[in-house]
Enquirer: 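I have a structure I would like to understand better, so I am pasting it below and will then ask my questions one at a time.
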Amino acid sequence: SRREDFLVSDQKTGQKRLLKIYLYRLPRQFNADLLNRLQLGGWISGSECDYGLTPCTEARWNGLFSVYRQFASEVVILLKILAAPRGVLTTRASEADLFVVPYLAKTDCAESGNAGRDPCWGKCRCATAVKHLFQELHHYNWASRGKHLFLATGDIKDLPVEIQAQPLLVSLGASFCGGHIVVPSPNLDPMLQPGGAFEEREATGNPPERHVFIYWFAAIDKAWRRRVAGQLREYSRMPSSRTVILHDIGGDYLARDIWQTDADRPALVLEEMLRSEFCPIIQGDVPHQKRLFDAMLTGCLPVVIAFPSHEHGKVSWWLPGGPPWDRMVPFPDDIDYRSFVIEVPQSEVEAGRLVDALLKVSAAEIAERRAAMRRARHYVRFDFGGTGEDAFSLVMGSIWRALESQERAMPQRQAGKASESPRFDCGMPPASPEGTLMYGHLACCPLVEAPQDEGVLPFED
């Protein structure tokens with residue numbers, strides 16, 4: 001890890017200093033055992049890659065293990081914290097700015113006590129370790145809970161409710177408020193790492209020729225995907241059409257045969273994306289989609305449908321009434337997504353004009369948007385070599401901002417009152433109009449201002 005990633009500005013002194021992190025020494029049932037069992041399941045299925053420990057591209061798709069690897073950001077983040085420079089990790093809880101809980105929450109959900117053969121999704125009811133977690137957190141109480149970071153890089157609705165309700169966590173989103181920090185899926189392909197094959201070609205002035213107009217690699221199993229895929233097929237049948245590649249993904253989930261596609265190798269998908277102009281990112285099961293980051297890292301301009309959000313005047317890239325785009329993506333305050341993402345209004349897609357909208361994008365605009373995306377791409381990948389700023393840099397920056405926000409909102413200590421403690425408003429976030437839990441089942445949001453009723457004292461252990 002880079003020393004710069006752990007430098008913070010102290011509010012009291014105005015000086016730069018190293019963040020102080022207390023890392024719980026949990027029994028291995030909360031991390032190593034979960035990872036090892038899930039990884040063993042992957043190897044049994046035929047994968048030659050590990051679960052987020054090192055860059056590796058699978059030679060072929062390997063059932064559910066190939067799905068699980070998009071959730072391994074929590075492993076990478078923990079590895080980077082463990083590799084923090086001298087002076088960051090402390091064994092004295094009294095001096096800690098941040099308490100890190102090395103429980104791999106999404107790994108627990110995926111492993112499910114059976115090496116990942118039969119995972120459980122909504123609320124992760126079959127997680128094996130979370131029920132024993134809080135008895136191991138000896139410094140966790142009402143006053144300190146906002147300083148405890150939980151690693152849970154799955155879709156927020158598919159995490160244990162005990163983890164969803166924490167004020168400070170990293171997940172794949174969507175983020176309802178405050179300390180719910182959205183992070184990208186890990187880029188585990190060596191060719192997309194800094195200095196990898198793709199960047200090496202760019203550096204030598206020999207970038208891939210982008211002869212594919214539109215590239216699609218996704219299941220065509222949802223209403224908006226069917227609508228867009230139908231328009232792509234219709235356009236591709238026209239005599240003067242430009243090249244469109246469309247790979248459907250079918251599958252039999254009960255038989256665990258979930259990669260029924262003619263794009264049978266992960267490397268093939270990346271190679272084709274490297275040669276494509278536009279990559280539609282349309283209506284997944286949840287707001288998060290790993291293909292957004294794959295598109296950014298391969299230089300393929302993401303195309304989304306701009307729906308009206310559930311927040312008036314804002315746009316969602318998921319569904320009508322969905323979360324605003326800036327709650328769906330990582331680090332919206334640091335990355336100018338709208339400078340490179342192509343947004344096609346819902347009305348244009350309904351009128352069958354998505355392809356027309358892309359045909360109108362000039363070569364100059366494409367070049368400008370791709371340059372903007374190139375400037376942002378290092379922020380959506382985890383650099384395994386620690387050579388420069390990356391997604392982990394922004395994770396740590398987001399955590400420090402969340403801690404500062406809690407500090408600013410702290411009620412003033414008063415004589416005869418309980419010790420000062422951050423205040424949180426906990427409840428069930430809104431669902432989409434279709435009833436889909438886009439923000440999860442429960443959220444605890446830091447209050448910007450202390451409640452007026454000072455007669456209610458916070459519970460303390």
Side-chain angles (χ1 to χ4, degrees), residues 70-71 73 106 121-123 152-159 161 163-185 218 222-225 228 280-293 295-296 302-338 340-347 349 379-380 391 394-395 398 401-402 405 424-446 448:
Q70 70 179 301
F71 305 131
S73 296
K106 183 58 183 180
W121 302 110
K123 291 192 287 188
T153 53
D155 306 305
I156 191 73
K157 73 177 183 63
D158 289 334
L159 297 171
V161 175
I163 304 301
Q164 293 182 30
Q166 298 308 315
L168 187 61
L169 62 89
V170 292
S171 80
L172 300 185
S175 171
F176 183 57
C177 62
H180 284 202
I181 299 165
V182 178
V183 301
S185 290
K222 298 173 180 62
W224 289 99
R225 286 189 176 183
V228 170
I281 316 293
I282 310 295
Q283 188 198 358
D285 292 325
V286 292
H288 165 86
Q289 288 198 65
K290 179 180 180 291
R291 57 180 52 85
L292 169 64
F293 313 116
M296 290 178 64
V303 179
V304 302
I305 303 175
F307 299 106
S309 167
H310 73 87
E311 287 195 26
H312 180 70
K314 293 190 175 183
V315 166
S316 177
W317 293 345
W318 183 41
L319 283 172
W325 71 268
D326 56 349
R327 293 188 183 182
M328 295 172 52
V329 296
F331 323 125
D333 294 332
D334 302 288
I335 299 174
D336 184 6
Y337 287 91
R338 301 186 96 171
F340 55 83
V341 172
I342 305 290
E343 299 176 273
V344 182
Q346 175 183 342
S347 58
V349 177
Y379 287 135
V380 297
L394 297 192
V395 168
S398 300
R401 286 197 294 270
S405 176
F424 301 97
D425 180 20
C426 300
M428 183 174 179
S432 70
E434 291 79 10
T436 305
L437 293 169
M438 52 193 171
Y439 296 120
H441 299 258
L442 187 65
C444 287
C445 304
V448 177

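Count residues from 1 along the sequence. Here the structure is a predicted model, which is why all the values come from computation and not from measurement.
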Enquirer: Tell me which donor-acceptor pairs under 3.5 Å the side chains of residues 282-289 have, and how far apart each pair is, sequence neighbours excluded?
Expert:
| residue | atom | partner | partner atom | Å |
| --- | --- | --- | --- | --- |
| Q283 | OE1 | W224 | N | 2.9 |
| D285 | OD1 | K222 | NZ | 2.7 |
| H288 | NE2 | S185 | OG | 2.9 |
| Q289 | OE1 | R225 | NH2 | 3.1 |
| Q289 | OE1 | R291 | NH1 | 2.5 |
| Q289 | NE2 | I282 | O | 3.4 |

Enquirer: For residues V170 and V395, determine if any side-chain heavy atom of one lies less than 4.5 Å from a side-chain heavy atom of the other.
Expert: yes
Enquirer: Sequence neighbours excluded, which residues qualify as ring-ring contact (aromatic ring centres under 6.0 Å, His included) partners of Y379?
Expert: none
Enquirer: Please state whether the rings of H310 and Y439 are parallel, tilted or perpendicular, taking 30° and 60° as the class boundaries.
Expert: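 H310 and Y439: perpendicular rings.
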Enquirer: Can any side-chain N or O of Q164 pair as donor or acceptor with the backbone N or O of L159 at less than 3.5 Å?
Expert: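 Yes, Q164 side chain to L159 backbone: donor-acceptor pair under 3.5 Å.
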Enquirer: First locate atom CG of L437, then atom CG of D158, and finally report the distance between them rounded to the nearest 0.5 Å.
Expert: 9.5 Å
Enquirer: Would the distance check show the side chain of S398 and the main-chain N or O of L394 forming a donor-acceptor pair, the cut-off being under 3.5 Å?
Expert: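 Yes; judged by distance alone, with no hydrogens or angles, the pair exists.
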Enquirer: How many angstroms lie between atom CZ of F71 and atom OG of S171, to the nearest 0.5 angstrom?
Expert: 11.5 Å
Enquirer: Has S73 got a side-chain atom pairing as donor or acceptor with T153's backbone, closer than 3.5 angstrom?
Expert: no
Enquirer: What pairs with H441 under ring-ring contact (aromatic ring centres under 6.0 Å, His included), at least two apart in sequence or on another chain?
Expert: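 None.
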Enquirer: Would you confirm whether S175, through its side chain, and H180, through its main-chain N or O, come within 3.5 Å as a donor-acceptor pair?
Expert: yes
Enquirer: Closer than 3.5 angstrom, by distance alone: can the side chain of S316 be matched with the main-chain N or O of P323 as a donor-acceptor pair?
Expert: yes
